[in-house]
Amino acid sequence: MAEQLGAKLSVLYGDNVSKQIVEYAKISQISKLVIGKSVQSSFWSRENIVDLISLEAPELDIYVIPNARGQQKNTSGTLYNFKKIRFSLSDLLKTILMLALVTSCGLAFKYWNFNVANIIMLYILGVQINAIFTKGRIFSLISSVLSVLCFNYFFTEPYYTFVAFSSNYPITFLIMLAAGLITSTLIKRIQEQVRVSAEKSYRTEVLLQTNKDLAQVDSVVEILEATVQQLKKLLDRDIVIYPIKDKVLGDESYFSTESSKYNLEKYQNFNERGVAEWVMHNNKRAGATTNTLSAANYLYLSIRGKNQSFAVIGILMKDKNELETFEKSIILAILGEAGLALEKEILREVQQKNEIQIEQEQLRVNLLRAISHDLRTPLTSISGHAKLLMKNDSTINKLQIQELSAYIYDDSMWLINLVENLLSITRLDEKIELKLEANIIDEVVEEALKHVDRHLEQHEFSLNLADELLMAKMDVALMIQVIVNLINNAVKYTQINSKIELQTKKINDELVLEVSDNGPGITDKAKEKIFDLFYTDENRQVDSKRGLGLGLSLCKSIILAHGGQIYVKDNQPNGAIIGFKLPLEEVLISDEQ
């Protein structure tokens, strides 16, 4: 009933009941304790457990619930204890055989004139051995009583009767009975402790393995699958799981054992999704072996954290035995571990989203700051030169008009190139599908050269294309933007009359395009950041207008989107080389074509 109402059940083992409860309360930081008070027997007085707990833990608020049935407790309790006693024919045979063996050995001792004390010790030893090989204390009690009777019958005068002449024999019988009962009880207690220790060890091992498995996965789906696999291995039962997202029950996944006769289709025929829905909304177990929707074939439990449910699992109970208390405790522990792991994973995902939003916001602020600052110079230049031309003063000659027009053209082209880069970045951020088609790189380079900075004419530019036709799948518009940015970058960072070369070649199965110059080169420190967004190397910039640091960052994004690689290296004896690699594409052309 406690489990069905959502309580956590803990089973404690110990000799001192009050001390065990107090220790558990302290470890679990329990402040309120509700305890039942049974009616005490009038002829057997003992210290009340409530009083003992009050003395050992005065800081606890103890709520005592009296027994409403009064004196009926003794009768019902006795009947209950008799119901708990289970006879086993095999254990009874073991008890009789052990008693016969001990009696036979005792008769041999008697024949050899051994001291009667040895025979007494032999019977006590028999009781101990019987306690080891039988289950239940009832057989230890039977063994102790029968041992006394056999000793009286076979080894006390008059022999082969239950009459004892000596006045010492009753004391001997009582001591034998007490020794047998005490030793057998101790052995049973040790066996119980061994069993409990083994269960705890197994539980710890299972939880450690579960924790290890959950630590190796990094997504909600993988955590749920690892949890299901652990439960399936532990219980050897079919498991069904419903993930929960935004308080909506998702589609079920079915995990069957090797010997299972069920699958997802057969499970769906049971029409038990409504039970899982009830568990999700009420955050309580339901289904088979419970009092809620007990006609179901599966037992449904929720995997939950502090404030929400993450999934509902169903454990097959049809044609299977009911789960034991120990199995239930392990299941709850595994689901608790899974709930913690899912809570951490969801928090991590939320944190990552927040970090991405913060990063995007920072990029937006940096972009706005850079644009507002760096666009002012070319716009001021354009407006100023245009104003001079509008005056049409007679002092302005034709040569000056051409010079002012060139300034306006250069600044406008700088702005156009900036806008093109911004549009390309926006396109990549929106993850628009690339229009990949096989194109010859020579044609793409030829088209790109029509859009490069006109100041390229002030440098010694050379074009060194491969002898063979090199083709690669590419988005032509974006690849033209890459080539234009690489050439303009070389123009921007080199002195007039510098040598700039564009070269294409084939290396293994890759198309390689490199733009090299003999300018001041790039420092090792700058190489690490040259493809970062908004990074500009002001120490080597020759152009008077400072760039926004968009060009090379955009080139890297475009090349990576094409499945390629971009790099920077030194040019010998001086200068820099920036290039990229793309996978080659082969096109088969028939004879007719």
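Side chains are part of it too, since the values below use all heavy atoms of this structure and drop only hydrogens, waters and symmetry mates. Predicted model only: the values in this text are computed from it and were never measured.
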Please round to the nearest 0.5 Å and tell me the distance separating atom [atom1] of [X] and atom [atom2] of [Y].
X: N508; Y: L584; atom1: CG; atom2: CG; answer: 9.5 Å
X: L293; Y: R285; atom1: CG; atom2: CZ; answer: 14.5 Å
X: S253; Y: I241; atom1: OG; atom2: CD1; answer: 7.5 Å
X: Y300; Y: E272; atom1: OH; atom2: CD; answer: 3.5 Å
X: E468; Y: L470; atom1: CD; atom2: CG; answer: 5.0 Å
X: D517; Y: H459; atom1: CG; atom2: NE2; answer: 8.5 Å

What residues, two or more places apart in sequence or in another chain, satisfy side chain to side chain donor-acceptor pair (under 3.5 Å) together with [X]?
X: E337; answer: N211
X: Q268; answer: E252
X: N439; answer: none

Check: E265 main-chain N/O paired with N263 side-chain donor or acceptor under 3.5 Å: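 Judged by distance alone, yes, a pair lies under 3.5 Å.
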Check: D475 main-chain N/O paired with H562 side-chain donor or acceptor under 3.5 Å: yes
Partner residues of S28 under the side-chain contact (heavy atoms from CB on, under 4.5 Å) criterion, sequence neighbours left out: Y24, I30
With sequence neighbours excluded, residues passing side-chain contact (heavy atoms from CB on, under 4.5 Å) with V515: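 Only L486, I487, A490, I500, L502, L513 meet the side-chain contact (heavy atoms from CB on, under 4.5 Å) criterion with V515.
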Ignoring hydrogens, what is the shortest heavy-atom contact between [X] and [Y]? Give both atom names and the distance.
X: L511; Y: A472; answer: CD1-CB, 4.2 Å
X: A341; Y: I223; answer: O-CD1, 3.7 Å
X: G564; Y: L560; answer: O-CD2, 3.7 Å
X: A288; Y: A296; answer: CB-O, 3.4 Å
X: S516; Y: N571; answer: CB-ND2, 4.0 Å
X: S256; Y: K232; answer: O-NZ, 3.3 Å

Taking the side chain as every heavy atom from C-beta outward, state whether [X] and [Y] have any atom pair closer than 4.5 Å.
X: L449; Y: L463; answer: yes
X: M317; Y: L323; answer: yes
X: K284; Y: T292; answer: no
X: N489; Y: L552; answer: yes
X: D442; Y: L469; answer: yes
X: I566; Y: I558; answer: no
X: Q308; Y: I346; answer: yes
X: E585; Y: M474; answer: no

Do other residues, nucleotides or ligands put more than 12 heavy atoms under 6.0 Å from the [atom1] atom of [X]?
X: Q216; atom1: CD; result: yes
X: N269; atom1: CG; result: yes
X: K499; atom1: NZ; result: no
X: Q352; atom1: CD; result: yes
X: N354; atom1: CG; result: yes

Y567 vs V512, side chain to side chain contact (heavy atoms under 4.5 Å, CB included): CA-CA, chis, key distance, verdict: CA-CA 11 Å; Y567 57 89; V512 179; 3.4 Å; yes
From CA spacing to verdict: side chain to side chain contact (heavy atoms under 4.5 Å, CB included), L582, M479: CA-CA 11 Å; L582 292 177; M479 197 55 59; 3.7 Å; yes
For [X], which residues count as a salt bridge (charged side-chain N to carboxylate O under 4.0 Å, His left out) partner, sequence neighbours excluded?
X: E501; answer: none
X: E277; answer: R273
X: K261; answer: D319
X: D251; answer: none

Only distances under 3.5 Å count here; give the side-chain donor-acceptor pairs of residues 524-531 to other protein atoms, sequence neighbours excluded, each with its distance to 0.1 Å.
from : atom 1 : to   : atom 2 : distance (Å)
K527 : NZ     : D570 : OD1    : 2.7
K527 : NZ     : D570 : OD2    : 3.0

ring-ring contact (aromatic ring centres under 6.0 Å, His included) contacts touching residues 263-283 (sequence neighbours left out): Y254-Y267, Y262-F270, Y267-Y298
Side chain to side chain contact (heavy atoms under 4.5 Å, CB included) between I244 and Y242, worked out: CA-CA 6 Å; I244 299 174; Y242 294 84; 5.7 Å; no
Any side-chain donor near an acceptor of the partner, S260 and D238, under 3.5 Å: yes
Pairs meeting criterion salt bridge (Lys or Arg N to Asp or Glu O under 4.0 Å) with involvement of residues 343-354, two or more places apart: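 Sorted result for residues 343-354: E345-R348.
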Side chain to side chain contact (heavy atoms under 4.5 Å, CB included) evaluation trace for T227 with L342: CA-CA 11 Å; T227 304; L342 288 169; over 6 Å; no
Given L231, L224, V279, I334, the one that forms side-chain contact (heavy atoms from CB on, under 4.5 Å) with I313: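 When L231, L224, V279, I334 are each tested with I313, the side-chain contact (heavy atoms from CB on, under 4.5 Å) holds only for L231.
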